[in-house]
Every structure is written in C-alpha cells, then in structure tokens.
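Before any comments, here is the structure.
None of these values were measured; they are calculated from a predicted model.
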Amino acid sequence: MAPDRNSFDRVFKFVILGGKSVGKKTLLRSFCTEGDDESIWTTLTVDEEKVLIEATVTQKWEEGMSQENDAIALVFSTTDVYSFEYTLELYNEIQKTTERIPLVFIENKMDIVENSQMEKSLVEGEMRKKHKRLYRVSAEKEFNVMHPFAYLIEKLTRQKKDVNANERKQSSSVASSTASPPSSTEAWGEPNAADSNALSTNKKCILM
C-alpha cells in the first residue's frame, strides 16, 4: 500500500524516461524499494523533513507530464547509441513544454563498458551544449546509482530554500532590484566528492 502523502512534509514526483531495454526499471529499483512495476516510491529524511519520492517509468514524454512531475531522468544504455539519440529527442520534446524541471542524463550499463557504442567526447559535448549533468552508472551492479537522484533531490530542496528566501525578502521589503537571477542551468561535470556526498554531508538524508 502506498504511504499517506499527507504524513510527509514534502512529496516529489520523478519520471524516468528512455527507450526500451536501457535498464530504467532496474535503475529505479536500486533507489526506490517499494511499490509495483509502474509506480514505486521511497521515503527519506532531508534536513529533518520527511520526504516522499514517488517515481514512474515510461518511454514517451507527454505535455501534461510537466505539470505532474518535479524531476526528470533521461536514461540511455552505453551499449546502444540509438538509445542515446532517443534521449536527445526526448530532451527536445521536454524543452518545448518546460525548461524549469530539474533534469539529468544517465548512461547506464557501465558494468559492460567493453561493449559500449558511445563516443565519450560526443556524449560529453552534448551535455556541455545543453548545460546538463551526465551520470554514468550500472543499475545491475548498483554502481553510482544514488548520485543522480541525490543531485535531483538537492536541486528540489534548494528551490524550496530559494522560494523561502524570496518570500522573506519580499515581506521585509529589502529585496534588491539589481540582484542577479539564479542560474537556470548546471554545467556538465562528472560527479565529484561533493556531489556524491550531497545528501550525506550537506543534507541529512536517510532511507527509511
């Protein structure tokens, strides 16, 4: 049975997109441990708040998804160059409806990297052009799986802090009209130590 959403301080909905046989469900099962094949979830504690993460897996992007989801992961297999091209098509479709939802690219099946069809410089070049993060993982071996989800959670909780800060500024009438707007994009980069520990150091995040 799904948990009562009202018993949580925050509820986030993730959608995992990608072509066939790229390991979407295996990837998500490594992070979310409850539910069925179409909708699964996990619960965490982030900065002393109870957080529910609900997640779905699908192959197609539809316009209404921009209103239903808080974060997006685009998944492709390192053994299938066409799956990478498909994630680029999905990205273009998403950009037509929203540019505000946190989004990452995930290159899966790195445990069989010897069978990779990917040209590393091409993949990384696309990430730089789009200013998006790329995470290389193995869902089968549960390698690096937490990193992309930790990053997305970090982005979502940071957005909350930004909103709260803006509300405080407005209420006190001290907001500066010359303040620089926050950046809407993130530069590409392999996960570093700070990223990999984002929830264990900067955030108190516990799988319950």
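- Taking CD of E85 as the reference point, atom OG1 of T87 lies at 9.0 Å (rounded to 0.5 Å).
- When every heavy atom of G23 is checked against every heavy atom of N108, the shortest pair comes out as CA-ND2, 3.6 Å.
- Here the closest heavy-atom approach between residue W61 and residue L90 is recorded as N-CD2, 4.0 Å.
- L74 is not listed as a side-chain neighbour of V104, based on a closest heavy-atom distance of 4.5 Å or more.
- Applying the ring-ring contact (aromatic ring centres under 6.0 Å, His included) rule to pairs touching residues 9-30 yields nothing, sequence neighbours excluded.
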Audit row: T43, V51, side-chain contact (heavy atoms from CB on, under 4.5 Å) steps and yes/no: CA-CA 6 Å; T43 58; V51 178; over 6 Å; no
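- Distance alone, capped at 3.5 Å, places no donor-acceptor pair between the S83 side chain and the G19 backbone.
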Does T98 form a side-chain hydrogen bond (donor to acceptor under 3.5 Å, both in side chains) with S66? I'd like the steps, not just the answer. CA-CA 6 Å; T98 181; S66 61; 5.6 Å; no
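- A distance of 6.5 Å separates CZ in R158 from OH in Y151, rounded to the nearest 0.5 Å.
- Between the side chain of Q117 and the main chain of V81, a donor-acceptor pair closer than 3.5 Å is present.
- Annotation for E126: atom CD counts as buried by contact number, over 12 foreign heavy atoms lying within 6.0 Å.
- Distance NZ/K96 to CD/E93: 4.0 Å, rounded to 0.5 Å.
- Annotation: side chain to side chain donor-acceptor pair (under 3.5 Å) contacts of D111 (sequence neighbours excluded): S138.
- With hydrogens and angles ignored, the 3.5 Å screen pairs no side-chain donor or acceptor of N69 with any backbone N or O of A71.
- From K109, atom NZ reaches atom OG of S116 across 12.0 Å, with rounding to the nearest 0.5 Å.
- One hydrophobic cluster, built from ILVMFWY side chains closer than 4.5 Å, holds both M146 and I153.
- Annotation: side chain of T56 is not in contact with side chain of I16 (no heavy-atom distance under 4.5 Å).
- Listed here is the closest heavy atom pair of V22 and S77: CG1-N, 3.8 Å.
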Checking R29 against E142 for the salt bridge (Lys or Arg N to Asp or Glu O under 4.0 Å) test, could you report, in this order, the C-alpha distance in whole Å, the side-chain angles of both residues, the deciding distance, and whether it holds? CA-CA 10 Å; R29 278 293 184 185; E142 297 189 357; over 6 Å; no
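- Hydrophobic clustering (ILVMFWY, side-chain heavy atoms < 4.5 Å, transitive): L17 and M127 are in one cluster.
- Side chains of T97 and E63: no donor on one and acceptor on the other come within 3.5 Å.
- Scanning all heavy atoms of the two residues, the minimum distance from S30 to A139 falls at OG-O, 3.4 Å.
- Residues K20 and Q59 have side chains in contact (heavy-atom distance under 4.5 Å, counting atoms from C-beta outward).
- One hydrophobic cluster holds both L88 and L103 under the rule that ILVMFWY side chains link at heavy-atom gaps under 4.5 Å.
- Hydrophobic clustering, with ILVMFWY side chains joined whenever heavy atoms are under 4.5 angstrom apart, groups V123 together with Y91.
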Test side-chain contact (heavy atoms from CB on, under 4.5 Å) applied to F8 and R10, step by step: CA-CA 5 Å; F8 292 86; R10 304 293 305 278; over 6 Å; no
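- At least one side-chain heavy atom of M118 sits under 4.5 Å from a side-chain heavy atom of F76.
- With hydrogens and angles ignored, the 3.5 Å screen pairs a side-chain donor or acceptor of D4 with a backbone N or O of N6.
- E89 CD to K60 NZ: the interatomic distance, rounded to the nearest 0.5 Å, is 12.0 Å.
- With sequence neighbours left out, N115 forms a side chain to side chain contact (heavy atoms under 4.5 Å, CB included) with T79, I112.
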Could you walk me through whether M110 and N144 satisfy the side-chain contact (heavy atoms from CB on, under 4.5 Å) test, starting with their C-alpha distance in whole Å, then the side-chain angles of each, then the deciding distance to 0.1 Å, before giving a yes or no? CA-CA 10 Å; M110 296 305 292; N144 211 29; over 6 Å; no
Run the side-chain contact (heavy atoms from CB on, under 4.5 Å) check on D47 and T157 step by step: do they pass? CA-CA 9 Å; D47 282 352; T157 55; 5.8 Å; no
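- With contacts defined as side-chain heavy-atom distances shorter than 4.5 Å, the pair I101/D70 does not qualify.
- Comment: E107 does not engage K120 in a salt bridge, judged by the lack of any side-chain N to carboxylate O separation of less than 4.0 angstrom.
- When hydrophobic clusters are built by joining Ile, Leu, Val, Met, Phe, Trp and Tyr residues whose side-chain heavy atoms come closer than 4.5 Å, directly or via intermediates, F105 is grouped together with I94.
- R5 has a carboxylate O that lies under 4.0 Å from a charged side-chain N of E54, or vice versa, which qualifies the two as a salt bridge.
- For the atom pair K13 NZ and I72 CD1, the distance stands at 13.0 Å (nearest 0.5 Å).
- No more than 12 heavy-atom neighbours from other residues, nucleotides or ligands sit within 6.0 angstrom of CD on Q67.
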